[in-house]
Every structure is written in C-alpha cells, then in structure tokens.
Amino acid sequence: MSPSLRQIPVLDAPIDISVRPPGSKSETIRALAIAALAPGRSHLYSPLEADDTLAMAGALEAMGVEIGTDGDPWTIDGGGGHLEAGATLDACESGLSARILVAMAASAPGTTRIAGRGRLPERPMTGIVDALRSQGVEIDGDHIPLEVSGHGNLWGGYLSVDCSESSQFATALMLVAPLMEKPCVLELRDLRGSAGYLEGTVSVMRRFGATIEPTVTGYEIANTGYRPADLIVEPDASAAVYPMAIAAITGGRAAIEGLGSASWQPDIGVARVLEEMGCRLDEEETKTVIDARDVRLTGVDVDMSDAPDGALAMAVVALFADSPTRIRGLGWLRHKESDRLESISSEMRGLGGDVEVVKDGLLISPSPLHGNVVDPHGDHRIAMSMACVGTRIGGVAVVSPQVVNKTWPGFWEFLDLLAA
C-alpha cells in the first residue's frame, strides 16, 4: 500500500482494552516553556515526543536553552529568564508553541523571528500581538511569520488580552508573567470556552513555584519567578478520546490509565458525554473506564465549547447513535489546523453521514454508512477521528496518514494492535 494511504483495520469484535495514551501535548509544551524560564535543571517524565513538542524544544534551544530529549526524562537547563534573541524560531504547525514563543521573544532583548508552516500563518495572533504592543514591544506583522523586538522582561502591571479567538493568548502571557518587572494583573476579555486549559496553565506554573491567583476577570501573578522542578506529564486526554470512541462505536470497553477525575485536561469530559449517550462510566482519580457493551447509543444535545478538540471524536460516535445529536460551541474549530467544522462534516458526509454545520456546531442524524477515502485536510485530529469510524464499517482509508505525527506518532500501530 502507498505510504500516503492508510487502510483502517476493521475490528471483528468489540474491544476490551486497557491503554495509557501518550503524554499530554498541552502539558509538555507548557512545562518546556516554564522550565526554560526557571533557573537550573528541570526534568519532564513521560513527555510527549511528537512534532509539536519537538518544535517547541527546538525553538527554545535556538533561544539558548539546553534541552535533552533523548530518552525519558527530558532535561531542561533553564536560564532564569535570560533568553537569547536573534534567531528564527520555527513553531512548525503548533499554534500553542507559536503563541508562547511570541511572548517569550518579547521578553528577550533584541529581534527574533517567529515562523511556521501549514495553516499556522492563517491562524489568529492578534490577541497576543496587541497585548504585547501595549507593553512597549515592537512586533512587525499580525500573523506568522512575525518579527518581535523585545526590550527584556516585560513591564507587567495591568494587562488586558482579547481571548475571543483563543485562550492560548492568555496562556502565553501567564507563562512569562512571573518574570515581569512588576506583578501582573491580567484581564481576560471575551473568553469563550476552553477555560480548562487556563486551569492547566495555572497548575503547571504552580508546580514550578509561581504564585498565581484567580480574580473575577482573570489572574493576579506575582513577579517572583520560577524554580526548577521535576514533573510527570500525565497522559493526553485529547488522545484518550479515540480509544473511548472506538469502545463506544464497537460496543466494547476501554480503560484509560493515568487519566481520571484528578485531571485538569478538558477533553476528559468526553467520557461524561459518552455516559449521556448511554455508555457506562467508571471514573476514578487516575483511571477512566468507558463500557459500551450491550449499549444502544442515543443522540444528545451538548455544548462542548470547553473541550472542542474532543468534540471531533464525539461527532463520529454520533454517526452510530439511534437519534440526532447536536454539538454546540465549536466556533474555535474554524481556526485550527484546518477549518475543522467544514473538514469533519465533509468527510463524514463522504462516508454517508447525515451531517450539517449549524452556526457554531454540528447536527448529526442517523443514516447508512459506507467506506470511502478520507482526506484529513492536513489535520491530525480529523485523521484520527475518521479512522475510528473505519474500525466499525470497513472500507475506510486515510490519505496523508503521517499527519498524526503531530501529536500521536504511534496511532496507526495502536489501531493495528487492536485489530490483532
């Protein structure tokens, strides 16, 4: 078979598996950035080794940070906030990395160029750019590639950021705030969902010694810096949604090890939506079990603005429900690696799905399904979500399968193991 086409194996029986997904992309990238700003050596255990995280590590190395990514744990020798300007930092296709790197470059004395590829140059950057300009930072451009002329540590004080297009703008500012000249009072304007990712940002910052407290409108962050830390990266909830979805689709059972009620990651909430659809849910502090044996899936009407990435897996599960499903609050998906609302709806229709894009969400109704070749539109989450459908109906192949390397390089091997 051509390396540019991946046939999805059909599972001839319901799955019954226990799986620990790869490390969290969100936590790995945040921890890399913070460890780079802390003094001394930090360790990341069970980090995600994938395109996005390696792009972040490479960019930090270009700013003078020594990072060891051979083996587990990764080591980061931070400079206590002293970053080198002058390089071109390649964020590849990672929106989170790009936004954090813009804020870090603004904290370095000199001019740094932030570059990227794929759809990254089209993705919104205005929120972080405008906030940094209010701090006296000169930024040439409003989209990637950007040239950032920093003057050293940011001033701090009152700082307002428009989060209407992404909560990642706030995350980027929060991460550099402990190094500001004055304590930072950060106001978040027009935050639309994904608040759980900001809670994750706070959690990782505190692990490295930052003092940060929520306010009515945002956060107060002390300018007390960071300290080095050893952090165990929890499994990626955005990856865990795929074995959970396959369990629901095949009428099987999936135990997700390392993720449960103690996790800050918003996409673990997919398990509770599956429970609404009829699956049995057993959620412990660090383990989540989805049991769909002898279950008839029922459609739901649900707002998934807090877990938009996981919503794609929910959408493909809805193809197998016995009544319509409406998933709302997905407007941000238009600004990801693809326009995910249009991409997922188009590809599901290609398999026979009755799918409509309705305002900021999807309406999915029962209909007969059939195989087809799926175009992931350069988007890892489209590829993995649509592959879940193929495990049940057969005849599904995915073009450009290498897109999964962005966040789960071993995904196809995982499916092969299920089939075996």
Side-chain angles (χ1 to χ4, degrees), residues 1-11 25 50-52 55 92-95 116-123 238-239 241-243 245-246 249 267 304 308-320 325 327 330-358 360-365 367-416 418-419:
M1 181 178 297
S2 167
S4 61
L5 186 70
R6 182 82 185 201
Q7 192 74 37
I8 307 304
V10 182
L11 305 181
K25 178 191 76 168
D51 288 352
D52 276 13
C92 294
E93 296 186 43
S94 175
R117 63 192 75 167
R119 202 163 181 256
L120 186 55
E122 303 172 36
R123 296 178 67 179
S238 300
V241 300
Y242 305 115
I246 294 171
I249 286 171
D267 280 343
M304 296 195 70
D309 288 342
L312 298 183
M314 284 307 313
V316 300
V317 171
L319 291 171
F320 298 89
T325 289
I327 306 176
L330 305 182
W332 279 1
L333 291 185
R334 294 192 181 278
H335 305 295
K336 296 288 189 174
E337 285 82 347
S338 69
D339 179 339
R340 285 180 174 166
L341 283 178
E342 296 299 334
S343 298
I344 196 75
S345 59
S346 171
E347 297 310 312
M348 287 196 295
R349 284 194 292 267
L351 299 179
D354 182 353
V355 186
E356 297 179 60
V357 177
V358 180
D360 66 343
L362 296 167
L363 178 62
I364 303 143
S365 301
S367 63
L369 301 176
H370 55 75
N372 197 19
V373 175
V374 170
D375 178 0
H377 301 264
D379 193 320
H380 56 128
R381 301 213 185 278
I382 301 294
M384 291 186 280
S385 297
M386 297 303 298
C388 293
V389 184
T391 64
R392 169 74 183 273
I393 68 171
V396 175
V398 177
V399 300
S400 303
Q402 70 279 0
V403 297
V404 303
N405 294 340
K406 193 172 194 294
T407 51
W408 192 350
F411 178 75
W412 303 121
E413 288 74 18
F414 165 71
L415 289 191
D416 288 342
L418 292 186

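Only a predicted model underlies this, so the values are computations on that prediction, with no experimental measurement involved.
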S.K.: If you look only at pairs with a residue in residues 383-407, which of them pass as a salt bridge (Lys or Arg N to Asp or Glu O under 4.0 Å), with sequence neighbours excluded?
M.R.: D52-K406, E337-K406
S.K.: Can you tell me how far apart CE (M348) and CD1 (I382) are? Round to the nearest 0.5 Å.
M.R.: 8.5 Å
S.K.: Without placing hydrogens or testing angles, list every side-chain donor-acceptor pair under 3.5 Å for residues 371-379, not counting sequence neighbours.
M.R.:
unit_1: N372; atom_1: ND2; unit_2: G350; atom_2: O; d: 3.0
unit_1: D375; atom_1: OD1; unit_2: H377; atom_2: N; d: 2.9
unit_1: H377; atom_1: NE2; unit_2: E347; atom_2: OE2; d: 2.9
unit_1: H377; atom_1: NE2; unit_2: D375; atom_2: O; d: 3.4
unit_1: D379; atom_1: OD1; unit_2: R340; atom_2: NE; d: 3.3
unit_1: D379; atom_1: OD1; unit_2: R340; atom_2: NH2; d: 3.1
unit_1: D379; atom_1: OD1; unit_2: R381; atom_2: N; d: 3.0
unit_1: D379; atom_1: OD2; unit_2: S338; atom_2: N; d: 3.3
unit_1: D379; atom_1: OD2; unit_2: S338; atom_2: OG; d: 3.0
unit_1: D379; atom_1: OD2; unit_2: R340; atom_2: NE; d: 2.7

S.K.: Is there a side-chain contact between M386 and L351 in this structure, where contact means two heavy atoms from C-beta onward sitting under 4.5 Å apart?
M.R.: yes
S.K.: Go through the steps for L415 and L11 under the test side chain to side chain contact (heavy atoms under 4.5 Å, CB included), then give the verdict.
M.R.: CA-CA 9 Å; L415 289 191; L11 305 181; over 6 Å; no
S.K.: Taking all non-hydrogen atoms of both residues, which atom of T407 and which atom of P409 are closest, and how far apart?
M.R.: C-CD, 3.8 Å
S.K.: Looking only at heavy atoms, what is the nearest atom pair of L330 and P308, with distance?
M.R.: CD2-CA, 4.2 Å
S.K.: At what distance, to the nearest 0.5 angstrom, does CE of M314 lie from CG of L362?
M.R.: 11.5 Å
S.K.: To check you understand the geometry: which heavy-atom pair defines the closest contact between L120 and C92, and what is its length?
M.R.: CD2-O, 3.3 Å
S.K.: Check whether any side-chain heavy atom of S345 lies under 4.5 Å from a side-chain heavy atom of V357, and answer yes or no.
M.R.: yes
S.K.: Measuring only between side-chain heavy atoms, which start at C-beta, is V241 closer than 4.5 Å to L312?
M.R.: no
S.K.: Give a yes or no answer on whether the side chain of D354 reaches the backbone of S365 with a donor-acceptor pair at less than 3.5 Å.
M.R.: no
S.K.: With heavy-atom distances below 4.5 Å as the criterion, would you say the side chains of V396 and V10 are in contact?
M.R.: no
S.K.: Nearest 0.5 Å, please: how far is CZ in R6 from CZ in F411?
M.R.: 9.5 Å
S.K.: Does the side chain of W408 reach to within under 4.5 Å of the side chain of Y242, using non-hydrogen atoms?
M.R.: yes
S.K.: Determine the minimum heavy-atom distance between C388 and V316, stating which atoms define it.
M.R.: CB-CG2, 4.4 Å
S.K.: Heavy atoms, side chains only, cut-off 4.5 Å: are D339 and R119 in contact?
M.R.: yes
S.K.: OG1/T325 to CZ/F320 distance, rounded to the nearest 0.5 angstrom?
M.R.: 12.5 Å
S.K.: For A313 versus S385, what's the shortest heavy-atom pair and its separation?
M.R.: N-OG, 3.7 Å
S.K.: Starting at OG1 of T391, measure out to CD1 of I246 and round the result to the nearest 0.5 Å.
M.R.: 4.5 Å
S.K.: Between L5 and P401, what is the shortest heavy-atom contact and its length?
M.R.: N-CD, 3.9 Å
S.K.: Measure the spacing between CD of E356 and CG of L341 and express it to the nearest 0.5 Å.
M.R.: 13.0 Å
